[in-house]
Visitor: 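Got a structure here, written out as structure tokens. Questions coming.
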There are 2 protein chains.
Amino acid sequence: MPDPNLYDPDCPTRLVLDRIGDRWTVLVVLLLSQKSPMRFTELRRHVGGIAPKVLTQTLRALERDGLLRRTVYAEVPPRVEYELTELGRSLRAPITAIGRWAERHVGEVLDARASYDDDQRADQVDA
Amino acid sequence: MPDPNLYDPDCPTRLVLDRIGDRWTVLVVLLLSQKSPMRFTELRRHVGGIAPKVLTQTLRALERDGLLRRTVYAEVPPRVEYELTELGRSLRAPITAIGRWAERHVGEVLDARASYDDDQRADQVDA
DNA sequence: CTGTATCCTGTAAGATACTG
DNA sequence: CAGTATCTTACAGGATACAG
């Protein structure tokens, strides 16, 4: 394999970033790295406001990428459990780091936004 | 401020995740944490395949969130430099961690995808 | 050089109803 | 319970031309 180069649009590392870049993947991985295994409805309840179709898509994509293991128990009613694989758990550290950054710095970001938007409004008036 | 809760759709931390979640932000932050300041065209050249409009959007969003400082020099031809702020640099560690994870584990992910897709095909034939 | 201004399109995501 | 099946829509993102 050639040197991975995130900045090359054709480099597969980009596929990884694109995956992480969807709205739900990070949240699901965070959840499963805190509690595992979890069931479909359980995940759905914890991840606020996700449609079942979308949750399925997210889980399937994670499974396809080898980050997640899906286990179906032949019972009635059906029971399906999701848990991170070894590979998925290796994502835990970097992703929780992002999560913690978000929690610690939301305030600053919101302040920055507010003052940026204020300046914008001021410029509008000037012009 | 109430406890930040990433899983609450209305929690502002989600705004942060959404920002990180676009296609280019992570790449731009990575670039600027390696070399700074950088100019518009320079960024454009390094980030493979980004349209100028989109690069502008990305940079503006980062600026609005206080992660990026944009400096315009009154010269002809115009020169504009971009660099991370303190806040932006604090994102460096978590984001480079993601980048490194991608580089280190692309192989495994691609393998997982291939075998998953193979199984899918096999199931198709079975049915 | 550093961007706007337009126009256009694909697709992620949402809502909802339904099934084994 | 754990999902599919459908339908719909917004909007991020792309291509291209042009402007100060």
Side-chain angles (χ1 to χ4, degrees), chain A residues 7-10 14-28 31-32 37-65 68-83 120 123-124 127, chain B residues 7-10 14-28 31-32 37-65 68-83 120 123-124 127:
Chain A
Y7 308 109
D8 175 357
D10 296 326
R14 283 284 274 269
L15 299 177
V16 176
L17 282 193
D18 288 352
R19 179 111 314 288
I20 288 173
D22 70 38
R23 200 192 256 22
W24 303 109
T25 296
V26 169
L27 292 176
V28 169
L31 267 180
L32 284 175
M38 286 183 89
R39 303 176 60 175
F40 190 86
T41 307
E42 207 177 350
L43 282 163
R44 198 180 161 190
R45 235 185 4 251
H46 280 84
V47 179
I50 189 172
K53 191 198 68 174
V54 177
L55 180 54
T56 300
Q57 286 172 351
T58 305
L59 293 169
R60 289 289 197 281
L62 284 170
E63 189 190 2
R64 181 163 103 102
D65 286 356
L68 188 71
R69 183 167 26 252
R70 175 170 177 272
T71 313
V72 182
Y73 296 89
E75 303 174 355
V76 176
R79 180 164 57 105
V80 178
E81 290 187 341
Y82 295 92
E83 58 184 338
Q120 287 300 92
D123 291 353
Q124 288 284 350
Chain B
Y7 308 109
D8 175 356
D10 297 325
R14 282 284 274 269
L15 298 178
V16 177
L17 280 193
D18 288 351
R19 179 112 316 288
I20 288 172
D22 70 39
R23 199 192 256 24
W24 303 108
T25 297
V26 169
L27 293 176
V28 169
L31 267 180
L32 284 175
M38 286 183 91
R39 302 176 58 177
F40 190 85
T41 307
E42 206 178 350
L43 283 163
R44 198 180 161 189
R45 236 185 4 252
H46 280 84
V47 179
I50 189 174
K53 191 197 69 175
V54 177
L55 180 53
T56 300
Q57 285 173 354
T58 305
L59 292 169
R60 289 290 196 282
L62 285 169
E63 190 191 1
R64 181 163 103 102
D65 285 357
L68 188 72
R69 183 166 28 250
R70 176 172 176 270
T71 312
V72 182
Y73 296 90
E75 303 174 358
V76 177
R79 181 163 56 103
V80 179
E81 290 187 343
Y82 295 93
E83 59 184 338
Q120 287 299 95
D123 291 352
Q124 287 283 350

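It should be emphasised that the depicted structure is a prediction, and the values quoted were computed from it without experimental measurement.
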Visitor: On DNA chain C, reading 5' to 3', which nucleotide is the first and which the last to sit with an atom under 4.0 Å from a heavy atom of chain A, could you check?
Guide: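 The protein-touched segment is C/dA13 to C/dG20.
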Visitor: Using a 4.0 Å heavy-atom cut-off to protein, can you give one letter per nucleotide of nucleotides 6-20 of chain D, 5' to 3': B if the base is in contact, S if only the sugar-phosphate is, - if neither?
Guide: BB-----BBB----B
Visitor: Got a sec, which residues hit side chain to side chain donor-acceptor pair (under 3.5 Å) with A/R14, two or more places apart in sequence or on another chain?
Guide: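 With sequence neighbours excluded, A/R14 shows a side chain to side chain donor-acceptor pair (under 3.5 Å) to no residue whatsoever.
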Visitor: Does D/dA2 have OP1 or OP2 under 4.0 Å away from a side-chain N or O of A/R45?
Guide: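 No.
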Visitor: A/L59 has an atom CG; how far is it from atom P of D/dA2, in whole Å?
Guide: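 One finds 11 Å between P of D/dA2 and CG of A/L59, rounded.
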Visitor: Quick one: side chain to side chain donor-acceptor pair (under 3.5 Å) partners of B/T58, sequence neighbours excluded?
Guide: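 Here no residue qualifies.
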Visitor: Can you pull out the residues from residues 68-75 of chain B that lie within a 4.0 Å heavy-atom distance of DNA chain D?
Guide: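 Residues of residues 68-75 of chain B under 4.0 Å from DNA chain D: none.
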Visitor: Output all residues satisfying side-chain contact (heavy atoms from CB on, under 4.5 Å) with A/R69, sequence neighbours left out; order by chain, then residue number.
Guide: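 Testing A/R69 for side-chain contact (heavy atoms from CB on, under 4.5 Å), a comparison that skips the adjacent residues, returns A/T71, A/E83, A/T85.
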Visitor: Do any side-chain atoms of residues 41-54 of chain A form donor-acceptor pairs under 3.5 angstrom with protein atoms, and if so which ones, sequence neighbours left out?
Guide:
unit_1: A/E42; atom_1: OE1; unit_2: A/R39; atom_2: N; d: 2.9
unit_1: A/E42; atom_1: OE2; unit_2: A/K35; atom_2: NZ; d: 2.4
unit_1: A/H46; atom_1: ND1; unit_2: A/E42; atom_2: O; d: 2.9

Visitor: Using the side chain to side chain donor-acceptor pair (under 3.5 Å) criterion, which residues pair with B/E75? Sequence neighbours excluded.
Guide: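 Testing B/E75 for side chain to side chain donor-acceptor pair (under 3.5 Å), a comparison that skips the adjacent residues, returns B/R79.
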Visitor: Tell me the bend of the helix from C/dC1-D/dG20 to C/dG20-D/dC1 as the angle between end helix axes, each from five pairs, rounded to the nearest 10 degrees.
Guide: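 The angle separating the two end axes equals 60°.
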Visitor: Could you pull out all residues at least two apart from B/D18 that satisfy side-chain contact (heavy atoms from CB on, under 4.5 Å)?
Guide: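 Partners of B/D18 by the side-chain contact (heavy atoms from CB on, under 4.5 Å) criterion, ordered by chain and then number, come out as A/R23.
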Visitor: Sequence neighbours left out, what passes side-chain contact (heavy atoms from CB on, under 4.5 Å) with A/V76? Give chain and number order.
Guide: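 Partners of A/V76 under the side-chain contact (heavy atoms from CB on, under 4.5 Å) test: none.
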